[in-house]
Structure formats: structure tokens, C-alpha cells
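One structure is given below, encoded as C-alpha cells.
Below, each value reflects all heavy atoms present in this structure, side chains not excepted, and no hydrogens, waters or symmetry copies. As the structure is a computational prediction, the values presented were derived from the model and not from experiment.
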Amino acid sequence: MDPFELPEQMPTDLAALGELRDKANEAFDELRAIVEGGEDLTEEQLAQLRSVATSITSIDTAITEVETAEAARRTEAQDLISQVAGDTDAEADAEGEGAEAAAADEDEGVSAEDAAAVVDEAEAAANDAASVAASGKKTNFSAAATGRKTKVPATQSKKELGWRMDSNVFGFKPGKVGFADLAEAVEAVRPGSRVRSSRPVRGGFSGQTLGRLDRDMPLVETSHELVAAIEKATDERNLPNGSLIAAGGWCAPSEQLYDFCEVPQATDLLSLPEIAIRRGGVRWPVEPDLSAIFNSFQFFFTEPELEAVDVDGNPTAVKECVEIPCPDEFEELRLNAVGYCVNAGILQNQGWPELIEWFMRSLTQEHFRALSRRTVNDMVTGSTAITIPVDAQIAAGSSVLNSLALMATNLRLDRGLGRKATIEGVAPSWLHEVIRADLANQQGTDTKAVTDAQIDGWLAARNIALQFVGDWQTRGVGQPGNLQTVIYPGTVNVLLYPAGTWFRSLSNVIELGVMYPKEQLQVNRYTQFFTEDAIAVGKRCNQSLNVTVPICPSGAIGERQTIACNTPVVTP
């Protein structure tokens, strides 16, 4: 088959657009058959598939525009006729009768025999109307006179009803058509009619479907569209009086859905400075301990001491030098392999592709979370544990701020950093909520609306910058994220270290898409995805602390004390 291409000028009638859509579908089905047959598309075939998919979207858009324009013209024409003729046209009334009768049909289709009976009735009504019109009398088609329901003007209808003819019917007309057009088709296929259909009819005339009533409802073809349609239809904002009203019961069983819930994106992940390790690892020297040298490396002499000499006339002030130590120890960081591999069944992918997609999306997001969790655990292992005594702090907000400020000060002084040097750290994402809960229990209305920015600002005022991660100290028994947790934990762990202490190497080793090895094909399986990364987390030069901070979101504050000032001493 030659590659499908859109014409330079898009057709403007529905029949031509329908033919063009059929050709595009044939090209699409041919390429899809290649993929479903287990073969890979060439670059040229993949480009053609993209082109066909884009073309189908363009054709569908053009069809919708033409149908919308035709519907608007029909509606306007019917409104104008109703306004001028007083809604007494017999043929229009008969058409409305047919549409109303068809709307009550549970099958929403009309056979040749059923439509013929309605046509006979409509013809009788039209003949009666013609006789009355010839006598010069004005016909009254009100509900009281005819026993029928009053026809609702098109301008009052919320949804535009109309027939869509079956494409196999003689004289097929695309888009929504009136009952008169459907009646002509009935005459064409009814036994004994003047014109007979030139197309074969399956099962005789009694089994042929002429058309279906279009109730202006969205066409649902896939389970994805069905889920979206259900959500839209059950949205109370779109319903009369804002409520759901159910009437009667359905005999048919429920329709089976195959889509899964949306996969949440991985958030609150740890970020570290990244480096590239090109070989199996990296080594660096361990800094020698200079504490002993720092205590005695300086010489200091007074002027008399510098002038003093021994009996031989040699100066007594000897200026000692220290030797530079030679590091004999190296720290080595070796790369590790992390990744995942997914196998699936060929028939499983054919019959339930939604499951494959949902599983892969879920696994991908969990892979990101697992990398963040693994990195934090490595940092915890490489940090020195420090525990703040429970009775040293009160509440939660003040306990966190005061404890972290003290430990940050210790890190600066230990390393010889400036008092404003930034101390970085990692904390669980729920720490904000503990501080907020503590402040909400304090007096004052302003504490009820504390934002994350305010809490971060209090830490920034102490030159502390924390990352808040979602996969550390969560989901366990008694921890936030566990649905059975009803109170906050009694402590929280926070990592603290000078800026630039920790780094990570994360590089791709191999990543493969869909593979069909012979061994798997023999058991009707294939590899959906395979990925492997090289990962290593390292620490250099600085100390890192894992601080355990007591927290109790009670809203407690320091005790108030009164100091007696200028009180005269009274002697007995």
C-alpha cells in the first residue's frame, strides 16, 4: 500500500471526508498489525505512523466542523420556519412524531418494517393537513386537539436530536438527517415501493437497520473515554439542582472497566551535587589529624628570651619546626549497580495494555523514590549520631529551632567556619506540620496560619537550609504516612552538615526498551523494560551529624518569672 498523505485541500463534504478517513484507517491498521505481530517498525514506518495519526486527528476535526455547521444551519432553518408558519407544517410534525417514537425505542435503532409503519401514519397526517390547508382553515396541532404531547421548539431543546443513517442504506446522507430523509430510505427498501435498494440486505428487509437516533451524547469507544464520561456525567456541578437522581433499575450486568487510578508523581526527592565517575570508583586522601600539632606548633619568645645565650654563647631561644605529615590512608568510594527489569506476557500486553502501562508508570515513580531513599540511608550511615535530651527542650517548634541552631554552631566552630556559614541538612517532609501543630496550640490567632515559607524563614535566619524528603521516617508503625498513626512521634531525626559535604554519582549504564529474545518468545513472553545505573554517595572534608530532636506539639512556652527590682531590704 502506498503511504497515506492528506490532500493539499481538505474536502468540505462529509462523504468525501468519510472516504478519506477510511483510507487513513487502512494505513493505520496496516502499521498497527506489524507492531501487534511482534515486529519493530523501521524509522520510515514509524514516521509514517506519526503522519497517519496526525492526519486522522485532522480529518476528525474537519468532520466535526462540517457536522457542527450543518447542524447549525438546520436548527436555524427550523426556527425560522416555526416562527413564520406557526409550527403547523405537517411534514415537520410527522418528522417530530417519528423522532419521538424512535427516542422511546430501547434499542435506539429502527428497522425497515418499524419505520414503514411510522411512515404510513406520517403520510396520513400529512394528507389530512393538506386537505385542511386547501379549505383555508388553520390547523391546530395542540396537545388537547390531537392527544399528543406538545412539540418543544428547537430553541428550547437543550440537546439536538437527529437521525444518523446507516452507511449501507440506499441514498445514504452523512451527519444528522430529518425523518423525511429516513422515510425516503424506507420507501427505497420496502417491498412494493417504487424504488428498491441496489445494495444487498442481510436477512431480508425486516432485519435491515436504517439509522440510529443521535441523542447528542458523547460517543464512547474505549474504556479510557468511558472513565472520563462517567466522571463528567456524575459531576454534581453539571446536574440539575446539583444532585444525582436515579430512576428504575437495569437488568444488564455492569460494564467492565480496565483502567487503573492515576499514578502520583514522585515528589520531595533528595538532591545532591552530582559528579561523574568514569571508572569503577574514586579515591581521595584522608585528612591527617592536626589537633596535636595545632596545640604546640607556634613558638613564642619575649625579647629577653631572644637575647639570652648559653655558656657557649649560643642563643637559648630555639625556634622548633613541625613536619608535614604524610597521609597513609585513602578513602575509597566504589560504584554500585541499581536498576530494575520487567518481563510480561505477549498475550497479556495484547489483552490488557492498560495494566502494562499502569505497572510501568508505578514502577518508574517508585524507582525515583527508592533512589532518594537509598541516598538518605547512605548519608545516615555516614553521619555521627547526636541525641538532644528530652528535658533540654520544650514543645516542638522551639525544640527544633533551638536544637538545630546549637548543632549548626558546633559544626561551624569545629570546622573553623564563619558564624554565618550555611549548614545544610535533610529532614522528613512532615516536620512542617509538627511545628505548625505546636504553634497552633499556642496563644494568639496569628499562629493558626503559619506557612512553610515562614518556617523556612526561621531556619534561614539561623543560616540553616534543609531539604524535606518524603521517603524518610515515613509509613512505618507510629510514623506519619501510616494510616493508623494518630499522634506525631516523640522525636524526629535531622541530618546536618556544612554545605558541599555530601555528593552523589548517578550515571546510566544501560537502558533497553522492548526486547523479544528467542528464549522468552518460546514461552510467549518478552522483556518490557531494563535499566541499570551506577550509583555512589560520598562525603568529603566535613563532619555530618544525625541529630535526634525531641518534639511535642503541645504549644508549651518557657516559664514566666518575676524579678524584684529596687526592693528595699527591711531589717527586723
Give the table of side-chain donor-acceptor pairs shorter than 3.5 Å for residues 6-15, with sequence neighbours excluded, one pair per line with atom names and distance.
{"unit_1": "Asp13", "atom_1": "OD2", "unit_2": "Ala16", "atom_2": "N", "d": "2.9"}

Query raised in the report: Quick one: do the Gln528 and Tyr526 side chains pair a donor with an acceptor below 3.5 Å?
Result: yes
Query raised in the report: Are there more than 12 heavy atoms of other residues, nucleotides or ligands under 6.0 Å from atom CD of Gln522?
Result: yes
Query raised in the report: Taking C-beta and beyond as the side chain, do Phe529 and Ile356 meet within less than 4.5 Å on heavy atoms?
Result: no
Query raised in the report: Only one of Leu371, Leu272, Ile277 clears side chain to side chain contact (heavy atoms under 4.5 Å, CB included) with Leu506; which?
Result: Leu371
Report task. Mind checking ring-ring contact (aromatic ring centres under 6.0 Å, His included) for Phe368 and listing every partner two or more places apart, or none if nothing turns up? Result -> none
Query raised in the report: Are side-chain heavy atoms of Asp533 and His367 found at a separation under 4.5 Å?
Result: yes
Requested in this report: State the CG-CG distance between Leu49 and Leu41, to the nearest 0.5 angstrom.
Outcome: 6.5 Å
**Report entry** Heavy-atom side-chain proximity of Asp40 to Gln45 below 4.5 angstrom
**Finding:** no
**Report entry** Any Arg21 side-chain heavy atom under 4.5 Å of Leu17 side chain
**Finding:** no
Report task. Please examine the side chains of Glu44 and Gln48, heavy atoms only from C-beta on, and report whether any two atoms are closer than 4.5 Å. Result -> no
Query raised in the report: For residues Gln520 and Thr527, is any side-chain donor paired with an opposing acceptor at under 3.5 Å?
Result: yes
Query raised in the report: For atom CD of Glu43, is the number of surrounding heavy atoms from other residues, nucleotides or ligands below 6.0 Å larger than 12?
Result: no
